[in-house]
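Lettering follows sequence order; numbering is per chain, from 1. Bear in mind that the values here come from a model prediction, so they are computed numbers and not experimental data.
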Amino acid sequence: MTTAERTEAERNTGSTGPSEDLAPLSPLAVPAARADGCPFDPAPGVERARREEPVTRATLWDGSTCWLVTRHQDVREVLGDPRFSADAARPGFPFLTAGGRELATSKPTFIRQDDPEHARLRRMLTADFMVKKMEAMRPEVQRLADDLLDRMTAGRNAADLVAEFALPLPSLVICLLLGVPYDDHEFFQDRSRLLLSLRSTAEEVRTAQADLQRYLSRLAAAKQREPDDGIVSRLVARGELDFEEIASMGRLLLIAGHETTANMTALSTLALLRNPGQLARLREDPSLIKGAVEELLRYLTIVHNGLPRVATEDVTLGGRTIRAGEGVLCTLNSANRDEGVFPGGDALDVGRDARRHVAFGFGVHQCLGQPLARVELQIAVETLLRRLPDLRLDIPFEDVPFRHDMGIYGVHALPVAW
Amino acid sequence: MRVHIDQEKCCGAGSCVLSAPEVFDQREEDGIVVLLDAEPPAGLHEAVHEAAAICPAAAISVEQVEQLDQAERVERV
Ligand code: SF4
């Protein structure tokens with residue numbers, strides 16, 4: 001920590017003026033584990049910040065400080081405002097881990113760049129994930145889901161839902177879309193885990209990233225010799241990017257395609273099993289599935305430590321002045337529980353209109369793969385509930401290994417029986 | 001209601017298509033929004049407002065000609 005940062009940290013710790021009965025609110029430590037009471041709820045400090053001091057200070061793992069933005073409207077404002085940069089190379093950009101800093105600065109992908117470069121690169125992929133195309137994948141995704149469940153249930157009545165269904169389904173689909181051989185899935189699932197673990201050292205992240213980069217740039221070279229209709233091949237054919245750039249983009253898609261939907265699927269299943277009333281409603285009326293998936297996205301918000309930005313100008317937000325060069329974390333999970341937008345938001349309600357959730361982020365960086373994620377989640381949850389009417393958790397709820405240690409929340413395993 | 005889109009701003013994540021498929025579509029080549037109906041019927045107004053509200057790139061704007069509609073209605077009555 002530089003002297004300037006230290007002074008800043010001290011000033012902010014001292015400035016909150018602790019009241020008699022409440023512990024000083026800021027700065028909050030981030031990343032923080034979710035609530036002990038209900039592991040589906042955001043960290044208690046973040047919830048309290050939203051109610052009492054919606055734009056507040058936080059201390060990061062390395063002792064540096066940043067702003068924490070917790071309300072729905074403020075989160076949308078920051079993420080939609082080009083004065084908040086996503087460029088990880090700018091001084092003041094807040095990183096959640098040493099590995100995250102390594103990942104974002106050594107070979108940045110477009111999610112850590114600003115327009116116009118971000119838009120130029122992203123637009124090379126928007127056609128691949130558009131709603132129509134993803135809707136056309138439904139029969140294929142359905143077939144994959146059914147095959148996985150056939151295998152999972154053959155002659156057995158218990159399994160780990162993560163290993164046998166929730167993870168392989170999106171892995172198979174993203175491999176198919178990219179043109180990556182699924183046979184190599186253990187290799188990239190392992191590297192993916194390392195890249196997303198809050199415990200990984202910078203060195204581990206560097207190695208995992210280099211492995212994936214090498215693998216994908218070799219794949220790009222192979223596609224040049226033998227093209228197919230996958231995304232990697234099409235990026236090669238465009239001729240605008242070199243193999244290294246294609247590999248960076250491929251790496252982003254591969255990782256994003258793996259961990260996010262997998263964790264949403266497993267966590268959604270668990271949340272429904274814990275809310276039998278909601279589960280019964282959804283079973284009785286499967287036409288609720290689309291809305292239910294939006295509600296699960298809102299309620300669970302697996303990007304649980306927030307999205308990082310850095311101010312490029314002084315900006316006033318929620319009565320506070322964020323100075324140029326100061327980092328900001330937009331906590332999506334707290335925004336998605338904002339009572340002003342989602343009344344009774346701490347409860348799961350599959351009949352709610354949850355479309356305004358920010359689980360996919362907001363602004364020009366909003367998740368590119370969301371039409372795919374929606375199709376996958378709708379099919380995964382609907383198929384699971386339909387085919388396994390007696391689905392239940394096979395271990396005590398207290399023993400479920402939640403991913404407090406990962407950038408993407410979820411469960412490491414989900415033993416179920418039927 | 002008059003709908004405007006800004007294709008320069010659009011980031012192609014398609015939320016608008018999900019909210020109001022009668023009004024918005026995405027271009028085959030690059031997934032950028034296209035407007036199918038600039039003056040959608042009243043039954044779609046709520047969906048269009050929703051689409052504008054959830055568009056992450058603020059690429060959709062809705063011109064409030066409701067008063068005008070009302071005036072017209074009054075005239076007709
Ligand atoms: S929701 Fe907005 S950004 Fe997304 S496709 Fe529609 S207009 Fe473009």
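Note: A:R123 leads A:K133, A:E135, A:R123 in heavy-atom pairs under 4.5 Å with chain B. Options B:P56, B:A58, B:G31, B:C11 differ in how many heavy-atom pairs under 4.5 Å they form with chain A, and the most are formed by B:P56.
Within the 4.5 Å cutoff, the side chain of B:S15 has heavy atoms near those of the A:Q370 side chain. With a 4.5 Å cut-off on side-chain heavy atoms, B:L18 and A:K290 do not count as touching.
Contacts between A:F129 and chain B at a heavy-atom distance below 4.5 Å are absent for every atom of the residue. Interface remark: A:R122 contributes side-chain atoms only to the contact with chain B (heavy atom separation under 4.5 Å). For B:S19, the parts sitting under 4.5 Å from any heavy atom of chain A are the backbone and the side chain alike. Looking at B:Q26, both its backbone and its side chain come within 4.5 Å of chain A, counting heavy atoms on both sides.
Summarising the geometry of A:V364 relative to B:K9, their closest heavy-atom pair is CG1-O, 4.2 Å, with the distance given to 0.1 Å. Scanning both residues, B:A13 and A:P371, for their nearest heavy atoms gives O-CG, 3.4 Å.
Separating the CE atom in A:M130 from the CD atom in B:E28 is a distance of 4.5 Å, to the nearest 0.5 Å.
For B:E22, the CD atom sits in a packed shell: over 12 heavy atoms of surrounding residues, nucleotides or ligands are nearer than 6.0 Å. Open room surrounds CD on B:E8; 12 or fewer heavy atoms of other groups in view lie less than 6.0 Å from it.
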**Request:** Show your working on side chain to side chain contact (heavy atoms under 4.5 Å, CB included) between A:K132 and B:D25 and close with a plain yes or no.
**Result:** CA-CA 9 Å; A:K132 262 179 295 195; B:D25 197 359; 3.2 Å; yes
